[in-house]
Amino acid sequence: MPEGHTIRRLASEHERLFAGTPVRVSSPQGRFGDARVVDGAVLEATDAWGKHLFHEYAGGRIVHVHLGLYGTFTTHALPAPTPRETCRMRIVGDDAAVDLVGATICELLDGGGKAAVLARLGPDPLRPDADPDRAWQSLRRRRIPVGQALLDQSVVAGVGNVYRAEALKAHGIHPLRQASSITEEEWRALWRTLVRLLRKGVREGRISGRTIYRLDACQTCGAPVRRWDLAGRWAYACETCQPL
DNA sequence: TGGGCATGCGCAA
DNA sequence: TGCGCCTGCCCAT
């Protein structure tokens, strides 16, 4: 379930479990060979930006994780069970262990590497320092549908298919409207909704209260939900609530 | 019990 | 443009 709210929760949990103490880091599967570089190091802090998670170790070593579509972290009490064969990274601390499987990215970076990742990302609605105007400046120049632009992580970071569908629906905006046609007022309202929905997702640990995403009928008016392929991802709209 | 699908993204072709 | 990643969930059988 990895949209931005999931990553934020993982960052908080991992910081609570491990921050300030040395941890054992390994790669039972073997595909994260650089695990040995941080094995035994102190995890100083965690950070989340959009769908990207960072474990920041002493000495400027940073482990960067992106879960992709079906990567997951699981947390175990100690003693941790034997890791499954596909476990990309295991972290063991004083009180708990976490296992990572199925991730798209699990790599070692330095500060410059992290900066390069962040440079490709737009503002994250979950971050207090996020600048929605940066996203607006980016959005208004795009000659693509607004639904496509909202999934572009260089415009806004952390929004996935569910939040895209629900946020546009909440404001009666059809996903196929041109990004450049969105007014500044509409964008500010959309941003506030993204902040509200993502924060709710962090609080609840899941995305609740869907009104169109993967539903047959609009929960507002009962009209059938239209679904079509938009740049390789399913898009959803109630064409009564969101006229084009 | 097993097939299909997906809240994502990078890369090869 | 389509595949690989390699899991969890839902649904048909």
Side-chain angles (χ1 to χ4, degrees), chain A residues 1-11 13 27-34 48-54 63-76 81-90 98-109 113-114 116-122 124-126 144-145 147-170 175 190 193-216 219 225 227-237:
Chain A
M1 308 72 182
E3 295 196 30
H5 66 300
T6 303
I7 310 308
R8 170 67 45 171
R9 280 176 69 92
L10 288 169
E13 184 189 9
S27 180
Q29 173 206 47
R31 282 191 50 201
F32 179 43
D34 281 337
W49 191 302
K51 300 168 187 170
H52 297 257
L53 173 66
F54 302 93
V63 174
H64 169 221
V65 174
H66 192 294
L67 293 179
L69 185 53
Y70 34 64
T72 52
F73 275 102
T74 49
T75 300
H76 305 285
T82 302
R84 54 200 308 172
E85 283 183 9
T86 55
C87 180
R88 183 85 60 87
M89 174 173 68
R90 164 168 279 194
V98 300
D99 287 345
L100 169 66
V101 297
T104 293
I105 295 171
C106 177
E107 63 179 358
L108 182 72
L109 299 177
K114 180 185 175 187
V117 171
L118 298 188
R120 298 195 303 265
L121 298 176
D124 173 352
L126 284 173
I144 55 176
Q148 188 179 340
L150 282 184
L151 284 191
D152 183 336
Q153 301 296 299
S154 71
V155 176
V156 195
V159 175
N161 210 356
V162 185
Y163 287 128
R164 162 176 80 169
E166 296 297 337
L168 290 173
K169 162 69 169 46
L190 258 179
T193 293
L194 289 172
V195 170
R196 179 173 57 79
L197 292 179
L198 278 156
R199 283 184 182 166
K200 184 162 175 268
V202 173
R203 274 198 315 276
E204 300 180 0
R206 63 197 188 90
I207 302 175
S208 62
R210 291 178 305 170
T211 69
I212 54 167
Y213 179 77
R214 289 243 278 170
L215 299 177
D216 294 329
Q219 298 301 290
V225 172
R227 180 183 89 154
W228 72 100
D229 185 299
L230 175 56
R233 307 293 305 278
W234 289 117
Y236 302 82

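Just so it is clear: chains get the letters A, B, ... in the order the sequence lines come, proteins before strands, and each one is counted from 1.
Residue A:Arg214 places no side-chain N or O under 4.0 Å from the OP1 or OP2 atom of B:dC5. Dashed line: the shortest gap from a side-chain N or O of A:Arg206 to OP1 or OP2 of C:dC9 is not under 4.0 Å. In terms of phosphate contacts, A:Lys51 brings no side-chain nitrogen or oxygen within less than 4.0 Å of OP1 or OP2 of B:dT7. Between A:Tyr70 and the phosphate of B:dT7, there is no side-chain N or O to OP1/OP2 separation shorter than 4.0 Å.
When the P atom of B:dA6 is taken as reference, atom OH of A:Tyr163 falls 19 Å away, rounded to whole Å. Between the C1' atom of B:dG8 and the CD atom of A:Gln148 lies a distance of 15 Å, rounded to the nearest Å. Between A:Arg88 atom CZ and C:dG4 atom P there is a gap of 16 Å when expressed in whole angstrom units. Atom pair A:Leu100:CG and C:dT7:P shows a separation of 11 Å (rounding to whole Å applied). Look at CG on A:Leu69: it is 9 Å from C1' on C:dC5, rounded to the nearest Å. Put simply, NE2 on A:His5 is 14 Å from C1' on B:dG8, counting in whole angstrom units. If you take CG of A:Asp229 and P of B:dA6, they are 11 Å apart, rounded to a whole angstrom. Look at CZ on A:Arg164: it is 13 Å from P on B:dA6, rounded to the nearest Å.
In the set C:dC6, B:dA6, B:dG8, the nucleotide with an atom closest to the side chain of A:His66 is B:dG8. In this structure, of B:dT7, C:dC6, C:dT7, it is C:dT7 that holds the atom nearest to the side chain of A:Arg84. Closest to the side chain of A:Val101, out of C:dT7, C:dC6, B:dT7, is C:dT7.
A:Gln29 comes within 4.0 angstrom of the backbone, heavy atoms only, and of no base. Counting any heavy atom pair closer than 4.0 Å across all strands shown, A:Arg227 reaches sugar-phosphate atoms only and no base atom.
Counting non-hydrogen atoms of other residues, nucleotides and ligands closer than 6.0 Å to CZ of A:Arg199 gives a total of 12 or fewer. At most 12 non-hydrogen atoms from other residues, nucleotides or ligands lie less than 6.0 angstrom from CG of A:Asp216.
A donor-acceptor contact under 3.5 Å is not formed by the side chain of A:Thr104 with the base of B:dG10.
Ring geometry for A:Tyr163 versus A:His5: interplanar angle over 60°, hence perpendicular rather than tilted (30 to 60°).
For the C1' atoms, the distance linking B:dC5 with C:dC3 amounts to 16 Å, nearest Å. For the P atoms, the distance linking C:dG4 with B:dG4 amounts to 15 Å, nearest Å. Rounded to a whole angstrom, the distance from the P atom of B:dT7 to that of C:dC11 is 15 Å.
At least one side-chain heavy atom of A:Leu53 sits less than 4.5 Å from a side-chain heavy atom of A:Phe73. The closest side-chain heavy-atom distance from A:Arg164 to A:Asn161 is below 4.5 Å.
When atom types are taken as modelled, the side chain of A:Arg227 and the backbone of A:Tyr236 share no donor-acceptor pair closer than 3.5 angstrom.
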